Amino acid sequence: MERNMSQSLPHKSDNPVDVLLLSILGLALVVRLIALWALPDIYMPDSADYLVDGTGLFQAGQIPGHKYMPLYSILAYITGGETSLKIADVTLSTLTVWMIYKIVNTVFQVRSAAIIAALIAAGYPHFVFYSIIKLSETLYLFLTCWAFLLLYERKLFWGAALLILSIMTRPTVYILAPILIFGFSKFIWREPTGRSFRNVAIYLTIYLAIMSPWWLHNYEKYDAFVHLTLGDGLVLYSGNNPINVTGGGVAIDGVGDMNTAAFKDISDLIARNQAYKDAAIDYIVEDPAHFVYMAGVKFVRFWRLWPFAPEYQQSHIIVASILSYGTVLFLSLGFFFRRPSNQIIRAMPFMLFAAYLTAVHMVTIGSIRYRLPVEPFLIVLASITLKDVAYRFSYGRQLLAHLGIGEN
């Protein structure tokens, strides 16, 4: 197992591309440190909650909150939850740039595209922003990218473990994860169907082992089995209630995209969570046409080119988002034109991941924050398109050659 893990770590090489990669990683680190120094301390309510949860777990043996999985709260407590946590996130974000490079190199074996992907990720505004605001997204991106890399490298045990650790950070993909394992086994590793189901069973065994301490914690806390958290009912209700017209899920003092006043008298937390779910389902059943309409609204909000929140409507933010994410999205769609079928198949896990997250947030709440985990894979696909475009022009070929990057 240790040998397999070491195979995914960087190694020394005389290849000049490695020197360039280290330079790009250094650039990524510097960009994030400059952002950490230059930008004001951005208040996010979630970041304070993470530290409270981590403190409760380590000092009282129990997480006081009910909405979050524990892994980022553990990181917040270990680092102290302030500047040291931001430094940890900056480091993880920089390592994610490296993961994106390795994914391109592993999946498509095109080093020039891998360098292009790393360059994009190094200065990508969304990655830089989330690396300095003490939210779980940065850790989640790192774990997800590493899990995908290991699975592409056919390392089932470690890939599954990292995928489960991502669930311990944000639980969204727990339904998708075994499907992903089957997809990798059947279509990427070319395993027989029976062996692919066996690999899913191996994943589920690892899942039971890693998740068991969390289940024991929840049983002691709630005196009942709680699989993930007690936040899923609130999320479902926030996106499916009479006053939500934006497709988001913001509530201040119980009012905004939802009004939670009717549930305040339910003291039992499990019962309250179920009441949220029941109310959301009743609302959907009573007006399915409106649910479909709102699913479309959430789809647009999930994939929109710039942030929805009023505080991020400044022109420089809009322009930066369109030029970065908008360009990457356009180029990633270009990947599917005139692409060999074997490369399309190799990209299938990315497409499945993106489609799943889109569907989940069309049902619940839409936000570009929840799209962020898809963006590393959009960059992966965009880098292939950009490499193809570059080699259509002599200047592009000369530039890449000057960097010591061949077409492959």
Side-chain angles (χ1 to χ4, degrees), residues 17 20-21 23-25 27-28 31 96-128 141 144-145 148-149 151-153 183-184 187-188 299-300 302-306 319-358 368 371-408:
V17 172
L20 179 57
L21 174 62
S23 300
I24 293 171
L25 294 178
L27 173 65
V31 168
T96 302
V97 175
W98 172 48
M99 291 295 164
I100 292 171
Y101 166 87
K102 287 190 65 73
I103 288 172
V104 177
N105 228 7
T106 300
V107 177
F108 301 111
Q109 299 180 351
V110 182
R111 292 189 302 172
S112 55
I115 287 294
I116 290 170
L119 275 170
I120 295 170
Y124 195 67
H126 292 171
F127 296 168
V128 175
L141 259 63
T144 300
C145 288
F148 269 74
L149 173 63
L151 290 172
Y152 271 110
E153 292 177 340
F184 269 104
F187 300 104
I188 307 301
F299 176 88
V300 171
F302 185 83
W303 287 103
R304 64 181 281 140
L305 296 180
W306 61 87
V319 170
S321 186
I322 292 174
L323 291 179
S324 56
Y325 160 68
T327 303
V328 164
L329 177 63
F330 176 76
L331 291 172
S332 68
L333 294 175
F335 171 87
F336 298 99
F337 291 94
R338 303 178 64 181
R339 188 63 50 186
S341 60
N342 65 315
Q343 289 193 4
I344 299 293
I345 292 172
R346 295 283 290 172
M348 185 196 71
F350 306 148
M351 295 183 282
L352 184 60
F353 184 66
Y356 173 82
L357 285 187
T358 301
I368 65 170
R371 185 196 65 221
L372 189 71
V374 177
E375 294 181 35
F377 306 120
L378 297 181
I379 291 174
V380 168
L381 300 181
S383 70
I384 300 295
T385 304
L386 195 54
K387 184 271 299 182
D388 290 345
V389 171
Y391 275 97
R392 287 180 177 270
F393 302 95
S394 60
Y395 180 80
R397 292 193 297 270
Q398 292 170 7
L399 175 61
L400 294 180
H402 180 72
L403 293 174
I405 307 170
E407 185 170 2
N408 294 321

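Here, residue 1 is the first one in the sequence, and each next residue gets the next number. Bear in mind that the values here come from a model prediction, so they are computed numbers and not experimental data. Hydrogens, waters and symmetry mates are skipped; everything else that's a heavy atom, side chains included, is used.
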Legend entry - Stepwise side-chain hydrogen bond (donor to acceptor under 3.5 Å, both in side chains) check, Glu375 with Tyr325: CA-CA 8 Å; Glu375 294 181 35; Tyr325 160 68; over 6 Å; no
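- Aromatic pair Phe330/Phe335: centroids not less than 6.0 angstrom apart.
- Ring orientation note: the planes of Tyr152 and Phe148 are tilted relative to one another, at an angle of 30° to 60°.
- The two residues Ala28 and Val97 come nearest to each other via the heavy atoms CB-CG2, 4.0 Å.
- When every heavy atom of Tyr391 is checked against every heavy atom of Ser112, the shortest pair comes out as CE1-OG, 4.3 Å.
- Distance CD1/Ile115 to CG/Leu21: 5.5 Å, rounded to 0.5 Å.
- Among Phe377, Phe336, Phe184, the one residue that satisfies the ring-ring contact (aromatic ring centres under 6.0 Å, His included) test with Phe350 is Phe377.
- Figure legend: cation-pi geometry between Arg111 and Tyr101 absent, as NZ or CZ is not positioned both under 6.0 Å from the six-membered ring centre and within 45° of its axis.
- For the pair Leu381/Phe108, a side-chain contact is recorded, criterion being any heavy-atom separation below 4.5 Å from C-beta on.
- You'll find the side chain of Glu153 reaches within 4.5 Å of the side chain of Thr106, heavy atoms only.
- A heavy-atom distance below 4.5 Å is found between the side chains of Leu357 and Pro373.
- Leu386 contributes atom CG, which lies 11.5 Å from atom CD1 of Ile379 (distance to the nearest 0.5 angstrom).
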Legend entry - CA sep, side-chain torsions, deciding dist, call: Leu305, Ser321, side chain to side chain contact (heavy atoms under 4.5 Å, CB included): CA-CA 6 Å; Leu305 296 180; Ser321 186; 5.6 Å; no
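- Taking each heavy atom of Ile345 and Pro349 in turn, the nearest pair found is O-CD, 4.0 Å.
- Here the side chains of Val107 and Val380 are not in contact, with every heavy-atom distance at 4.5 Å or above.
- Scanning all heavy atoms of the two residues, the minimum distance from Ser324 to Pro125 falls at CB-CD, 3.5 Å.
- Within 6.0 Å of CH2 in Trp303 there are more than 12 heavy atoms belonging to other residues, nucleotides or ligands.
- In terms of heavy-atom proximity, Val128 sits nearest to Ala122 at CG2-O, 4.2 Å.
- Looking at Phe127 and Thr96, their side chains never come closer than 4.5 Å, going by heavy atoms from C-beta outward.
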Inset, instruction - Take Asn105 and Val110 through the test side chain to side chain contact (heavy atoms under 4.5 Å, CB included) and record every step on the way to the result. - result: CA-CA 6 Å; Asn105 228 7; Val110 182; 5.9 Å; no
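- Side chain of Arg371 to backbone of Ala354: no donor-acceptor contact under 3.5 angstrom is found.
- Between Thr385 and Phe337 the shortest side-chain heavy-atom distance does not fall below 4.5 Å.
- Proximity of Ile344 to Met351: side-chain heavy atoms (C-beta onward) are separated by under 4.5 Å at one or more points.
- When all heavy atoms are compared, the tightest approach of Ala117 to Ile100 is CB-CG2, 3.8 Å.
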Inset, instruction - Using the side chain to side chain contact (heavy atoms under 4.5 Å, CB included) rule, take Leu141 and His126 through it: C-alpha gap first, then chi angles, then the decisive distance, then the call. - result: CA-CA 12 Å; Leu141 259 63; His126 292 171; over 6 Å; no
